[in-house]
Participant: 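After the structure tokens below, expect a handful of questions from me.
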Amino acid sequence: MLSPEAFRKHFSASQPAASTNETDAADAKPRLIAPGMQLTIMVEQDRSLNRQAVVPPSGVIDFPGAGRFTVTGLTAEELAQKIREPLERDFFKTATVSVTIETTPTVTAVSSGTINITGAINRPGPMLLPPPPEVFTVTRAILAAGGMGQFGDGSAVRVFRYDKTGKKIETRVNVNRIMKNGEFERDVPLQDGDWLVVPEKWISF
């Protein structure tokens with residue numbers, strides 16, 4: 001896990017111009033499902049189950065025989081596994097499920113990408129980032145999502161990000177300290193694809 005300072009340096013130290021090597025590295029990054037994507041889901045054992053679905057803003061889809069799933073933030077392989085398990089439990093001895101991401105949401109002039117906020121937050125879910133030059137940070141994202149829930153732990157908010165090699169990097173941000181002391185230089189700017197997780201406080205009775 002990186003400190004907020006190291007986290008910022010790691011992702012801002014080099015932003016080279018586009019190149020073949022950079023494109024290849026980006027291809028190695030796991031592709032996560034987000035609202036607006038079109039998915040093709042196929043079950044080899046029963047073609048009547050094959051279908052295409054556009055992920056709605058809620059991030060929830062229904063699949064016959066398998067149930068309802070929150071798909072936002074999953075890889076295609078993870079979603080295939082979630083669908084496979086109930087099909088094998090209730091219908092097939094073996095279910096061969098494949099999920100393909102056909103399209104990616106378009107980043108427009110009014111947005112520079114999408115982040116996802118989850119955990120003890122009042123309005124969890126995907127959130128559009130403002131276009132440059134505006135900088136959107138962890139504390140701003142939490143405020144835009146309605147603030148932390150009653151049991152949210154602002155001292156250990158986690159940010160997950162994939163670097164150009166596909167490695168997942170985590171850092172923790174003490175939002176309570178930033179807001180209380182005005183230490184905004186400790187805040188972490190967010191990027192397209194980031195996941196922001198607000199944990200719950202440990203409560204003893």
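Note that the coordinates shown come from a computational prediction; the quantities given were computed from them, not determined experimentally.
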Participant: Hey, could you give me the OG1/CG distance between T40 and N50, rounded to the nearest 0.5 Å?
Facilitator: 9.5 Å
Participant: Heavy atoms only: give me the nearest S155-N176 pair and the separation to one decimal.
Facilitator: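 For S155 and N176, the tightest heavy-atom pair comes out as N-ND2, 3.4 Å.
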Participant: Checking K167 against Y162: charged group under 6.0 Å from the ring centre and within 45 degrees of the axis?
Facilitator: no
Participant: Measure from the side-chain N and O atoms of Q45 to the backbone N and O of T96, and report whether any donor-acceptor pair falls under 3.5 Å.
Facilitator: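 Judged by distance alone, yes, a pair lies under 3.5 Å.
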Participant: Measure the CG-CD1 distance between L190 and I115 for me, rounded to the nearest 0.5 Å.
Facilitator: 4.5 Å
Participant: Please lay out, stage by stage, how I83 and F69 fare under the test side chain to side chain contact (heavy atoms under 4.5 Å, CB included).
Facilitator: CA-CA 8 Å; I83 295 173; F69 303 95; 4.0 Å; yes
Participant: Taking it one step at a time, do R161 and K168 satisfy side chain to side chain contact (heavy atoms under 4.5 Å, CB included)?
Facilitator: CA-CA 6 Å; R161 181 179 300 170; K168 184 169 73 173; over 6 Å; no
Participant: Set out, in order, the CA-CA distance, both residues' side-chain angles and the distance that settles salt bridge (Lys or Arg N to Asp or Glu O under 4.0 Å) for E88 and K93, then state yes or no.
Facilitator: CA-CA 5 Å; E88 290 184 339; K93 182 177 180 181; over 6 Å; no
Participant: Is the backbone of G146 close enough, under 3.5 Å, to the side chain of N122 for a donor and an acceptor to pair up by distance?
Facilitator: yes
Participant: Any side-chain to backbone donor/acceptor pair from N116 onto M127? Under 3.5 Å, distance only.
Facilitator: no
Participant: Should the pair R51 and F63 be classed as cation-pi, given the thresholds of under 6.0 Å to the six-membered ring centre and 45° from the axis?
Facilitator: yes
Participant: What I'd like to find out is whether the side chain of I33 reaches to under 4.5 Å of the side chain of L79, using heavy atoms alone.
Facilitator: yes
Participant: Mind checking whether V138 and V157 have side chains closer than 4.5 Å, heavy atoms only?
Facilitator: yes
Participant: What are the two closest heavy atoms between P86 and G65, and how far apart are they?
Facilitator: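 What the structure gives for the nearest pair is CB-O, 4.4 Å.
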Participant: What pair of heavy atoms forms the shortest contact from E200 to D153, and how long is it?
Facilitator: C-CB, 4.0 Å
Participant: Hey, what do you get for OG1 (T114) to CG (L32), rounding to the nearest 0.5 Å?
Facilitator: 11.5 Å
Participant: Can you see which heavy atom on L196 is nearest to which on A141, and at what distance?
Facilitator: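 Scanning both residues completely, I find the closest heavy atoms to be CD1-CB, 4.0 Å.
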Participant: Let me confirm one number: the OG1-CH2 distance from T118 to W195, rounded to the nearest 0.5 Å.
Facilitator: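 Those atoms lie 6.5 Å apart.
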Participant: Tell me if a side-chain donor or acceptor on N181 pairs with a main-chain N or O of E183 at a distance below 3.5 Å.
Facilitator: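 No.
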Participant: Could you tell me if the side chain of P199 sits less than 4.5 Å from the side chain of F151, heavy atoms only?
Facilitator: no
Participant: Please check if the side chain of D194 supplies one atom and the backbone of Q191 the other of a donor-acceptor pair under 3.5 Å.
Facilitator: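 It does hold such a pair.
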Participant: Does a donor on one side chain sit under 3.5 Å from an acceptor on the other, for E85 and Q81?
Facilitator: yes
Participant: Tell me yes or no: between the side chains of T139 and D187, is some donor less than 3.5 Å from an acceptor?
Facilitator: yes
Participant: Can you confirm whether more than 12 heavy atoms, excluding those of Q150, are under 6.0 Å from its CD atom?
Facilitator: no
Participant: Are V97 and F92 linked, directly or through intermediate hydrophobic residues, by side-chain heavy-atom contacts shorter than 4.5 Å (ILVMFWY only)?
Facilitator: yes
Participant: Looking only at non-hydrogen atoms, find the nearest pair between L87 and P64 and report the distance.
Facilitator: CD2-O, 4.1 Å
Participant: Looking at every non-hydrogen atom in both residues, tell me the closest pair between A76 and V99 and how far apart they are.
Facilitator: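 So the minimum-distance heavy-atom pair works out to CB-O, 3.3 Å.
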Participant: Indicate, with yes or no, if M179 and I117 share a hydrophobic cluster defined by side-chain heavy-atom contacts under 4.5 Å among Ile, Leu, Val, Met, Phe, Trp and Tyr.
Facilitator: yes
Participant: So if you build clusters from Ile, Leu, Val, Met, Phe, Trp, Tyr with side-chain heavy-atom gaps below 4.5 Å, do I101 and V43 land together?
Facilitator: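 Linked within one cluster.
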Participant: Would you say the side-chain atoms of R177 pair up with the backbone N or O of G182, donor to acceptor, closer than 3.5 Å?
Facilitator: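 No, R177 side chain to G182 backbone: no donor-acceptor pair under 3.5 Å.
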Participant: Mind running salt bridge (Lys or Arg N to Asp or Glu O under 4.0 Å) on E170 and R172 for me, showing each step along the way?
Facilitator: CA-CA 7 Å; E170 173 190 352; R172 294 190 181 185; 3.4 Å; yes
Participant: Does some side-chain heavy atom of R140 sit less than 4.5 Å from a side-chain heavy atom of L143?
Facilitator: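 Counting from C-beta outward, L143 and R140 never come under 4.5 Å.
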Participant: Is there a salt bridge (Lys or Arg N to Asp or Glu O under 4.0 Å) between R68 and D62? Walk through the geometry before answering.
Facilitator: CA-CA 4 Å; R68 175 168 291 189; D62 292 287; 2.9 Å; yes
Participant: Between I178 and V173, is the side chain to side chain contact (heavy atoms under 4.5 Å, CB included) condition met? List the steps.
Facilitator: CA-CA 9 Å; I178 291 171; V173 182; 3.6 Å; yes
Participant: Honestly curious: do V60 and M37 fall in one hydrophobic cluster under the side-chain, below-4.5 Å linking rule?
Facilitator: no
Participant: Shared ILVMFWY cluster between F91 and I41, side chains joined below 4.5 angstrom?
Facilitator: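 In one cluster: yes.
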